[in-house]
Number of protein chains: 2
Amino acid sequence: MSERKPRADAVRNREAVLAAADRLFARSDSPEHVTMADIAAEAGVGKGTLFRGFGDRTRLIQALFETRLEPIRRAVTEGPYPLGPGTPPEERAPALLDALLCFKLDHRHLSLALEETGTGSPYGAGHYDWWHTTLRGVLEELPGFGGSGFAAHALLAAVRADLIDHLVDSRGTSRERLRAELAAFTAKVLS
Amino acid sequence: MSERKPRADAVRNREAVLAAADRLFARSDSPEHVTMADIAAEAGVGKGTLFRGFGDRTRLIQALFETRLEPIRRAVTEGPYPLGPGTPPEERAPALLDALLCFKLDHRHLSLALEETGTGSPYGAGHYDWWHTTLRGVLEELPGFGGSGFAAHALLAAVRADLIDHLVDSRGTSRERLRAELAAFTAKVLS
DNA sequence: GCATAAGCGGACCGTCGGTCCGTATTGTTG
DNA sequence: CAACAATACGGACCGACGGTCCGCTTATGC
């Protein structure tokens, strides 16, 4: 039962690795080209340290993603108006999706890396279940709204990292344009 | 300009490879565990033959997918009522999505393989553009329906192979249940 | 300080996509 | 049918990458 306090250098290295990975993903155009060896080198540690600290590539990316997502998660569970629990569902659902879209725009390559790592799907990656449960909960508060489980999946699929990346990268869609289109689509679904 | 007629054995081997790949993907639980060497062995040819005939793994999977999808593509472009061009848009859009869903259910592992190969996304894989263009065209025929470009992307995202796989595999959702939920969601969007 | 457990790092391994080239097959021409 | 060129075959080989292992280093508790 006793929690062992981790050594100071281990903590320092963990931070260094996360920071290094963030930098590398942000820099590179294709997340699969960021190798574990690259991350280790950028962080100034050995490869063994990466795997000791995170287990494998998937969990390293998940840990990084989780860290960066934390603020939004808190804003949703205990924050104020647009995202927080006090908001009426017909406003909160679009706000959730918009926040998620913006996050994926701000961390495009990281999100892309997360979604194409492991089995290649975001499902079962911890944070996905949380988003799905949360969004479905909001949709269920809407009177007469059926099939909220699938609808939540479908709405989340509309902001998947590779779709966003495709629209931004090869279609050159602007941030604001995307947000507007997502809002319009969400409105259709909620109507 | 002259098209060179391919040798007979080359044609035979090409078929053997496609058939072998189909079998292996159908059999295995995780498409990434089907290696090029496996496919070559199953087809009874050397690895070199695979790469000569298809270029790389991505294109092999695309070729296989394309082949299997052909019938549906024809049904959409020149077939009768539910899918064909004569259908009114408010019926055709759901029919398209239902057909795509059924196809992905019938070829789950192959679809999964396709979507997680290459950059890890289905976008830019030829057939995606075709589906998107087609669906958007149908949506645009609906009076007063705006943002059809994004809506088409979002609707297609709702039937992505890994989502379907997730719902069927770990949620145990039945085929008919899924079809009904997709239909309900589509109806919401079209309303 | 000293003992010891925790952590470190990079050589090493297995696997996989992809290449290369000597050999075998096809089909064409007289 | 013989002989030759064009085409295709196949599997040894290569480089890259994720992940492991183990002898060495270093923080921490006494």
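The sequence lines fix the lettering, A, B, ..., with proteins before strands; numbering per chain opens at 1. In this text, all values refer to a predicted model and were calculated from it rather than measured experimentally.
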> Does A:V159 offer a backbone N or O that forms a donor-acceptor pair with the side chain of A:K104 under 3.5 Å?
Replying inline: yes
> Are the charged groups of A:R68 and A:D22 less than 4.0 angstrom apart, N to O?
Replying inline: yes
> Do you know the tightest heavy-atom contact between A:L163 and A:A157?
Replying inline: CD2-O, 4.3 Å
>> Tell me the interatomic distance from A:I39, atom CD1, to D:dG18, atom P, rounded to whole angstroms.
In response: 8 Å
> Could you state the CG-P distance from A:D38 to C:dG10, rounded to the nearest angstrom?
Replying inline: 15 Å
> Can you give one letter per nucleotide of nucleotides 25-30 of chain D, going 5' to 3': B for a protein heavy atom under 4.0 Å from the base, S for sugar-phosphate only, - for none?
Replying inline: -BSS--
Tabulate atom names and distances for all N/O pairs under 3.5 angstrom spanning the protein and nucleotides 14-21 of chain C.
residue, atom, partner, partner atom, Å
C:dG17, OP1, B:R57, NH1, 3.3
C:dG17, OP2, B:M36, N, 3.0
C:dG18, OP2, B:R57, N, 2.9
C:dG18, N7, B:K47, NZ, 3.0
C:dG18, O6, B:K47, NZ, 2.2

> How would you list all residue pairs meeting ring-ring contact (aromatic ring centres under 6.0 Å, His included) that involve residues 46-70 of chain A, not counting sequence neighbours?
Replying inline: A:F65-A:F103, A:F65-A:H127
> Is B:R59 salt-bridged to B:E66, going by a charged N under 4.0 Å from an acidic O?
Replying inline: no
> Is the distance from OP1 or OP2 of C:dC8 to the nearest side-chain N or O of A:N13 less than 4.0 Å?
Replying inline: yes
> With sequence neighbours excluded, what pairs up with A:E90 under the side-chain contact (heavy atoms from CB on, under 4.5 Å) test?
Replying inline: A:P88, A:L142
> Under 4.0 Å between a Lys/Arg side-chain N and an Asp/Glu carboxylate O for B:D162 and A:R160?
Replying inline: yes
> Does any residue of residues 20-31 of chain B have a heavy atom under 4.0 Å from DNA chain C, and if so, which ones, in number order?
Replying inline: none
> Is there a donor-acceptor pair under 3.5 Å between the side chain of B:S30 and the backbone N or O of B:H33?
Replying inline: no
>> Ring-plane angle category for B:Y128 and A:H166, please: parallel below 30°, perpendicular beyond 60°, tilted otherwise.
In response: perpendicular
> Would you say B:T49 reaches D:dG10's phosphate, i.e. side-chain N/O to OP1/OP2 under 4.0 Å?
Replying inline: yes
> Can you name the side-chain contact (heavy atoms from CB on, under 4.5 Å) partners of A:E70, sequence neighbours left out?
Replying inline: A:R73, A:R74
